[in-house]
Amino acid sequence: MGLLIIVSWALLIVQFLLIARAVLDWSVVLAGPATPGSVRSRVYGGVFAVTEPILAPVRRLIPPLRAGGMSIDLSFIVVFLAVVILRSLIA
């Protein structure tokens, strides 16, 4: 029982980090790149360092979907849905 609670909490943290990554990615799109050494730059670097090892293998299997001049990262959606499903199965 205790192990399932720890796994559930770890998945919740991963879920929050993925949401933070999405928000920070959109902040780059809307506000431009962060200046080196700024709080946003440091937070983005930390979130990127934690989430990229999770997203990179999935991105190799499912490349981003190109739609005109933009691309949609399907690996983010797949990993996020997998985390939500795993958390619902554990609870």
Side-chain angles (χ1 to χ4, degrees):
M1 187 72 163
L3 180 64
L4 290 178
I5 292 173
I6 293 171
V7 170
S8 180
W9 275 99
L11 289 172
L12 180 65
I13 291 169
V14 168
Q15 194 173 4
F16 281 138
L17 287 170
L18 287 170
I19 292 169
R21 179 169 173 151
V23 170
L24 288 167
D25 281 343
W26 274 103
S27 75
V28 170
V29 170
L30 297 174
T35 56
S38 68
V39 173
R40 187 172 59 141
S41 173
R42 286 183 274 156
V43 169
Y44 184 77
V47 170
F48 186 85
V50 173
T51 57
E52 189 59 23
I54 299 168
L55 293 173
V58 178
R59 194 176 295 123
R60 280 193 292 270
L61 293 174
I62 306 169
L65 178 66
R66 301 283 178 199
M70 64 180 233
S71 62
I72 300 170
D73 189 6
L74 297 175
S75 64
F76 177 87
I77 296 168
V78 168
V79 170
F80 190 82
L81 287 176
V83 169
V84 169
I85 291 169
L86 283 173
R87 285 198 66 234
S88 69
L89 291 175
I90 290 174

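Residue numbers start at 1 and run along the sequence shown.
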Are Val83 and Leu4 linked, directly or through other ILVMFWY residues, by side chains that come within less than 4.5 angstrom of each other? yes
Can you tell me how far CD1 of Ile90 sits from CG of Leu3, rounded to the nearest 0.5 angstrom? 8.5 Å
Within the side chain of Arg40, is there an N or O that forms a donor-acceptor pair under 3.5 Å with the backbone of Ser27? yes
Kindly say whether Gly37 contributes a backbone atom to a donor-acceptor pair with the side chain of Arg42 at under 3.5 angstrom? yes
Nearest-0.5 Å distance that lies between atom CD1 in Ile54 and atom CZ in Phe76: 11.0 Å
Shortest non-hydrogen contact from Ser41 toward Pro36: OG-CA, 4.2 Å
CD1 on Ile62 to CD1 on Ile77, rounded to 0.5 Å: 9.5 Å
Pairwise distance CG(Asp25) to CG(Leu30) - rounded to 0.5 angstrom: 11.0 Å
Kindly state each residue pair satisfying side chain to side chain donor-acceptor pair (under 3.5 Å) with at least one member in residues 2-15, sequence neighbours excluded. Gln15-Arg87
Cluster check Leu65, Phe80: I/L/V/M/F/W/Y, side chain < 4.5 angstrom: yes
side-chain contact (heavy atoms from CB on, under 4.5 Å) test vs Arg59 passes for just one of Val78, Asp73, Val79, Leu74, namely Asp73
Membership question, hydrophobic clusters at under 4.5 Å side-chain separation (ILVMFWY): are Leu89 and Ile5 in the same one? no
How is the hydrophobic cluster of Tyr44 composed, in terms of its other members, when Ile, Leu, Val, Met, Phe, Trp and Tyr link through side-chain heavy atoms under 4.5 Å apart, directly or indirectly? Ile13, Leu17, Leu24, Val39, Val43, Val47, Phe48, Val50
ILVMFWY network linking Ile19 to Ile85, side-chain heavy atoms under 4.5 angstrom: no
Go through Leu18 and Leu55 one step at a time and tell me if the side-chain contact (heavy atoms from CB on, under 4.5 Å) criterion holds. CA-CA 10 Å; Leu18 287 170; Leu55 293 173; 4.2 Å; yes
